[in-house]
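Below you'll find the structure, written out as structure tokens, and then a few comments.
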There are 2 protein chains.
Amino acid sequence: MPDSKPPGSPRRSDTTRTAILDAARERFAADGYERATIRAIARDASIDPSMVMRYYGSKEGLFAAAVAVDLKLPDLTALPREEIGRALVTHFLDMWEENEVLTALLRVGVTNEAGAERMQGIFRDQLLPVARTVCPDPEQVPARAALCSTQLLGLALTRYVLRFPPVVTLPREEAVAWLAPTVQRYLTAPHP
Amino acid sequence: MPDSKPPGSPRRSDTTRTAILDAARERFAADGYERATIRAIARDASIDPSMVMRYYGSKEGLFAAAVAVDLKLPDLTALPREEIGRALVTHFLDMWEENEVLTALLRVGVTNEAGAERMQGIFRDQLLPVARTVCPDPEQVPARAALCSTQLLGLALTRYVLRFPPVVTLPREEAVAWLAPTVQRYLTAPHP
DNA sequence: GTCTATAATTCGATAGAC
DNA sequence: GTCTATCGAATTATAGAC
């Protein structure tokens with residue numbers, strides 16, 4: 001964290017570091033934790049495998065650094081109640097498509113505790129505040145946010161990871177049109 | 001498949017074979033493909049690792065055999081239209097809880113092509129016939145079945161694999177009450 | 001900072017005695 | 001059928017020259 005150099009002088013290693021992290025995200029997203037080897041990541045980044053160890057200490061450290069980006073969350077709490085479902089689905093599709101971090105986290109989290117916990121933290125941080133502003137009963141907020149996560153993660157799983165053909169084929173607008181009412185209902189409808 | 005022995009005489013190896021498959025399902029479900037080692041599976045089954053190779057040839061062969069059980073599918077096509085959502089959610093929760101095969105398939109399928117294809121086949125075989133009987137437009141059947149798979153697999157992912165606490169805590173009846181209308185809508189509601 | 005060389009494990013798979 | 005022994009390959013991680 002502490003940077004002893006003045007702001008205007010980027011260290012030479014910075015470009016190497018980001019190249020490593022980019023390659024790591026790509027490999028973790030494509031292959032999962034075990035099959036994404038340090039050697040392959042280093043090869044993708046056009047550097048020596050030992051540099052990865054030098055910079056990030058271990059494979060676990062590399063993974064932690066690769067997924068330690070904070071995903072910008074637009075303020076959805078100001079939206080009208082009726083639009084929250086559509087806004088959430090759209091926002092999450094944006095997040096999955098603009099970044100490989102979430103795909104990497106999902107592929108790794110399925111067999112890696114650290115990945116699962118981080119994925120859980122992201123969904124908690126993003127869904128709970130929204131749920132709090134629209135849920136009728138504060139006591140139901142965690143359960144309703146959790147229900148939303150099942151639908152949103154299920155879409156990501158089948159579309160970006162398992163790649164079920166009918167889900168991959170589904171146009172983005174159509175997916176939004178179908179899922180938005182579901183998320184809307186999980187958040188705002190009376191308890192069934 | 002061909003059994004040269006008379007029906008009344010179980011081969012001695014049969015008990016060993018099923019012990020191996022049981023242990024394999026457990027390990028694949030808990031650890032995924034890479035981390036479930038043949039040695040660990042053999043240790044769980046209290047036999048020698050070389051026996052696994054002798055019986056199943058390779059690790060891939062073992063996995064294929066472990067997940068090659070046919071899941072009995074009750075006939076849901078005879079149900080009244082209005083109950084199909086609840087019946088499907090209940091049926092899938094039963095399948096996930098009575099058997100480790102689906103958890104193993106999901107954990108493996110995320111990083112293994114063979115697992116992903118088998119998972120896709122199961123959902124296709126189970127959902128398409130049901131969707132065909134209740135969908136208004138035959139052309140929309142694959143998309144609507146796919147939408148159901150996103151919600152059902154999302155529940156399984158967060159509840160049985162990632163183990164999000166609020167989803168794990170959710171009582172089974174409550175999960176059914178929330179998801180049933182979703183699945184019902186994906187199958188029978190007019191295109192949004 | 002970068003690279004070579006290699007240590008130390010671990011795994012899947014094989015050969016062969018009994 | 002069962003087990004011992006081991007091969008060959010791949011991995012993470014380290015030590016040290018330049």
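Numbered from 1 within each chain, the chains take letters A, B, ... in sequence-line order. Note that the structure is a prediction, hence the values are computed from the model and not measured.
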Without swapping roles, check the side chain of [X] against the backbone of [Y] for a donor-acceptor pair under 3.5 Å.
X: Thr188(B); Y: Arg185(B); answer: no
X: Arg39(B); Y: Pro49(B); answer: no
X: Lys59(B); Y: Ala36(B); answer: yes
X: Arg144(B); Y: Tyr186(B); answer: yes
X: Arg107(B); Y: Val161(B); answer: yes

Strand-adjacent residues in residues 25-34 of chain B, judged by heavy atoms under 4.0 Å from DNA chain C: none
Within this structure, what is the [atom1]-to-[atom2] distance between [X] and [N], rounded to whole angstrom?
X: Ile20(B); N: dC3(D); atom1: CD1; atom2: P; result: 11 Å
X: Asp48(A); N: dT2(C); atom1: CG; atom2: P; result: 10 Å
X: Arg54(A); N: dT14(D); atom1: CZ; atom2: C1'; result: 13 Å
X: Leu62(A); N: dT11(D); atom1: CG; atom2: C1'; result: 15 Å
X: Ile41(B); N: dC11(C); atom1: CD1; atom2: P; result: 11 Å
X: Ile47(B); N: dT4(D); atom1: CD1; atom2: P; result: 12 Å
X: Arg17(A); N: dG1(C); atom1: CZ; atom2: C1'; result: 12 Å

Every protein N/O within reach of nucleotides 13-18 of chain C N/O, cut-off under 3.5 Å:
unit_1  : atom_1 : unit_2   : atom_2 : d
dA13(C) : OP2    : Lys59(B) : N      : 2.9

Residue Glu139(B) excluded, over 12 heavy atoms near CD under 6.0 Å: no
Greater than 12 external heavy atoms within 6.0 Å of Glu60(A)'s CD: no
Geometric class of the Trp96(A)/Tyr160(A) ring pair [parallel <30°, tilted 30-60°, perpendicular >60°]: parallel
Geometric class of the Phe63(A)/Tyr33(A) ring pair [parallel <30°, tilted 30-60°, perpendicular >60°]: perpendicular
Side-chain N or O of Tyr55(A) closer than 4.0 Å to phosphate OP1/OP2 of dT2(C): yes
